[in-house]
Amino acid sequence: SQQGEEDPQALSIQEGENATMNCSYKTSINNLQWYRQNSGRGLVHLILIRSNEREKHSGRLRVTLDTSKKSSSLLITASRAADTASYFCATKSSGSRLTFGEGTQLTVNP
Amino acid sequence: NAGVTQTPKFRVLKTGQSMTLLCAQDMNHEYMYWYRQDPGMGLRLIHYSVGEGTTAKGEVPDGYNVSRLKKQNFLLGLESAAPSQTSVYFCASSYVLVGALQETQYFGPGTRLLVL
């Protein structure tokens, strides 16, 4: 069963706008990771946030983690057409392997 | 540095046929994984390995077997393919940090399998 659930399932925005995707999970985690998948390609790791961290930045990416609500959000600022992809959250809990959600399909229109 | 590579990229099988998917990584990673990705179901773990000579079942292991005879290679076998195994298969690998639970994974480009 999937641990993480992304919301929304699909998101369409204009270039230059910000994109926000959310991930909710059910059990306690050690860390939460976000991956990107371009069409027809494998997943690429974007960013990892540990359970004792609340916010993390990497370039145009900002990830937040609220362990009390068991949720995370990924914000992509000033989006570009090249950001069009599926985005997956993945959770890591003790004693289990990384578990992926079903993904959010982001479309950035030029 | 090729990272994670998968062979073949695409294959068509008839029901009942067998095949082996090959995954290779050149990053000296300890852990390797096989996933399948189906529309609306995200990634599901089939089998994984935490080191040379070891394998373990994931979420959906039935109908698949794996072997990790060499650290850099992880093979996924389908002994008798079924239409339900039509999917895109991804291999991944990750390093291990002693005392850490990071498990950041590096993915191959995928193998598209169609079982008729």
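Since the structure is predicted, the reported quantities are computational estimates derived from the model, not experimental observations. In what follows, chains carry the letters A, B, and so on, assigned in the order in which the sequence lines appear, proteins first and then strands, with residues in each chain numbered from 1. These numbers come from the heavy atoms of this one structure, side chains and all, not from hydrogens, waters or symmetry mates.
- The candidate with the highest count of non-hydrogen atom pairs below 4.5 Å against chain A, out of Tyr35(B), Tyr48(B), Phe90(B), Tyr33(B), is Tyr48(B).
- Looking at Gln6(B), there are no atoms closer than 4.5 Å to chain A (heavy atoms on both sides), in backbone or side chain.
- Within 6.0 Å of CD in Glu79(B) there are 12 or fewer heavy atoms belonging to other residues, nucleotides or ligands.
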I would like to know whether Tyr35(A) and Gln37(A) meet side chain to side chain donor-acceptor pair (under 3.5 Å); could you show each step before the answer? CA-CA 7 Å; Tyr35(A) 288 77; Gln37(A) 183 181 33; over 6 Å; no
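- Not a single donor-acceptor pair under 3.5 Å links the side chain of Lys70(B) to the backbone N or O of Phe74(B).
- By number of non-hydrogen pairs under 4.5 angstrom with chain B, the leading residue of Arg97(A), Arg41(A), His45(A) is Arg97(A).
- Looking at Arg80(A) and Arg60(A), their side chains come closer than 4.5 Å, going by heavy atoms from C-beta outward.
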